[in-house]
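What follows is one structure encoded as structure tokens, with my remarks underneath.
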2 protein chains.
Amino acid sequence: MCSRTNPRSSRTGRPRSTEADTAILEATRAALVELGWSKLTMGDVAGRAGVAKTTLYRRWPSKNELVVDAVAVLFDELEMPDLGSLQADIEHVVLQFAALLERPETKTALMAVVAESTRDEPLRERIRASIVDRQKRLVLAGRERAQQRGELPPGRDPMAVDATDDLIFDVIAGAVVHRALVSAEPVDGPWVARLSALLVGGLGAAAATGGDR
Amino acid sequence: MCSRTNPRSSRTGRPRSTEADTAILEATRAALVELGWSKLTMGDVAGRAGVAKTTLYRRWPSKNELVVDAVAVLFDELEMPDLGSLQADIEHVVLQFAALLERPETKTALMAVVAESTRDEPLRERIRASIVDRQKRLVLAGRERAQQRGELPPGRDPMAVDATDDLIFDVIAGAVVHRALVSAEPVDGPWVARLSALLVGGLGAAAATGGDR
DNA sequence: GCCTTTCGCTACAGGTCGTAGCGTAACTCC
DNA sequence: GGAGTTACGCTACGACCTGTAGCGAAAGGC
């Protein structure tokens with residue numbers, strides 16, 4: 001009833017078990033691997049994690065949010081070392097992303113939660129914050145490096161730069177997801193080389209003709 | 001027991017009601033609009049269509065296949081008029097595809113069935129045959145026209161041409177889907193212009209430097 | 001020690017799935 | 001026109017999952 005401005009956990013009472021948290025998320029990933037998204041149930045996850053079903057519902061409102069959190073941590077692996085050229089940077093990050101999509105947990109979960117998010121705005125925001133933004137940072141970093149190297153012209157209009165970043169991100173992430181999940185073909189070296197060549201060529205052509213428009 | 005080589009329906013007995021077929025598919029789309037993928041149930045669809053639940057199960061093994069068939073007919077609208085240039089053709093087909101993705105039926109259903117298909121090979125094949133191939137034909141037609149116009153060099157190696165078609169398809173379809181469903185930003189004129197400029201530039205650059213490799 | 005919150009457990013109503021069984025309707029072949 | 005075959009609507013059913021409620025016990029802060 002008093003001032004509760006401090007969101008730093010609830011100061012009093014029994015604290016939530018962090019072990020339970022990690023056990024639940026781990027159990028969720030295991031269930032995704034074995035059962036897939038559609039056959040995964042809250043009761044099953046609770047059993048695997050060794051906790052009561054009510055404990056899950058105290059932390060996550062539904063399967064959707066639980067799975068998002070369980071998969072999101074996998075995206076921490078994504079890194080962006082400087083490989084010396086824009087094309088090399090693109091190829092490296094695409095292969096990393098593809099490896100993530102090859103894992104059965106993400107393969108079955110990612111599209112499913114995105115599908116759910118088309119009718120659930122808070123869920124979409126959760127996905128954006130914990131998964132999408134994490135990928136987008138890599139695009140930003142790669143573009144900035146390419147500009148410093150002189151491979152891309154320095155952006156004058158910040159709006160146009162943002163729009164280009166958005167476009168590149170949608171093209172790369174979309175193409176990889178579509179290749180891996182819709183076409184169901186391998187995202188391997190040759191394909192990635194073609195994709196990055198197309199992108200680098202397209203960016204170069206755009207810069208040569210009209211710039212950032 | 002006798003020879004049943006003729007697959008032209010089953011010759012004897014009461015034929016299946018084609019009215020029921022169309023009513024069910026229409027009811028499925030209506031349910032997708034109102035309820036979305038996850039809350040759509042077989043019983044609900046049966047009620048809307050005015051048929052018994054058992055009638056649904058006699059035709060479709062599960063919700064997945066039913067929804068694929070219900071959404072697939074929408075992709076018949078996709079057409080590919082010759083607009084005179086590769087870039088114009090790309091922009092037109094992308095805007096058409098985007099309009100399809102804006103519809104609530106497809107928005108909620110498409111990603112969901114693809115997610116299911118990652119663990120269901122027959123379902124993936126059904127999606128490929130009734131939805132994906134229908135889109136892919138447009139890419140083929142656009143590429144051939146561009147070659148006839150001289151915008152793209154004639155492909156010598158058929159394997160390389162196929163690979164390029166696949167790449168373009170994954171890039172276009174993937175980018176549009178990602179933009180519309182993941183980024184949740186509008187696929188409007190300016191964005192489409194940027195995307196097609198990137199593609200045309202990339203294809204031109206690839207042709208100029210190394211060709212189809 | 002008192003208060004607060006979490007935990008595991010059980011039980012429960014509500015809803016969905018997918019099937020079985022029945023009598024009836026529609027159509028083909030003889 | 002009758003026999004055979006298949007589809008239809010209807011009801012009922014067991015199995016499963018959801019999400020919540022209520023309980024006593026446990027684990028922290030003050």
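When reading the values below, keep in mind they use all heavy atoms of this one structure, side chains included, and skip hydrogens, waters and symmetry mates.
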Residue pair B:D44, B:R48: steps toward the salt bridge (Lys or Arg N to Asp or Glu O under 4.0 Å) verdict:
CA-CA 6 Å; B:D44 184 275; B:R48 288 170 191 263; 2.5 Å; yes
More 5' along DNA chain D: A:P15 or A:D44, using each one's nearest nucleotide?
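Result of the comparison: A:D44.
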Within the 4.0 Å heavy-atom criterion, would you say A:T54 contacts the bases, only the backbone, or no part of the nucleic acid?
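Base, at least one base atom sits under 4.0 Å.
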Any side-chain donor near an acceptor of the partner, B:Q87 and B:E91, under 3.5 Å:
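B:E91 and B:Q87 do have a side-chain donor-acceptor pair below 3.5 Å.
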Counting heavy atoms not belonging to A:E26, are there more than 12 under 6.0 Å from its CD?
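Check fails, neighbour count at 12 or below.
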Check the pair A:R128 / A:E125 against salt bridge (Lys or Arg N to Asp or Glu O under 4.0 Å), numbers first and verdict last.
CA-CA 5 Å; A:R128 194 196 57 70; A:E125 177 57 25; 2.6 Å; yes
Figure out the [atom1]/[atom2] separation between [X] and [N], and round it to whole Å.
| X | N | atom1 | atom2 | answer |
| --- | --- | --- | --- | --- |
| B:K39 | D:dT18 | NZ | P | 14 Å |
| A:I24 | C:dT6 | CD1 | P | 13 Å |
| A:R16 | D:dG29 | CZ | C1' | 17 Å |
| A:L56 | C:dG8 | CG | C1' | 13 Å |
| B:E19 | C:dA26 | CD | C1' | 13 Å |

Please evaluate the base of C:dT6 for a donor-acceptor partner in the side chain of A:R14 within a cut-off of under 3.5 Å?
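Indeed there is one.
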State whether the distance check finds a donor on one side and an acceptor on the other, under 3.5 Å, for side chain B:K53 versus base D:dG9.
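Check fails, no donor-acceptor contact within cut-off.
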Output yes when at least one side-chain N/O atom of B:R58 is less than 4.0 Å from OP1 or OP2 of D:dA7, else no.
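No, B:R58 has no side-chain N/O under 4.0 Å of OP1/OP2 on D:dA7.
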Does a side-chain N or O of A:T55 approach OP1 or OP2 of C:dT6 to a distance below 4.0 Å, or not?
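No.
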Position toward the 5' end of DNA chain C (nearest nucleotide), B:Y57 or A:V51:
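The residue mapped nearer the 5' terminus is A:V51.
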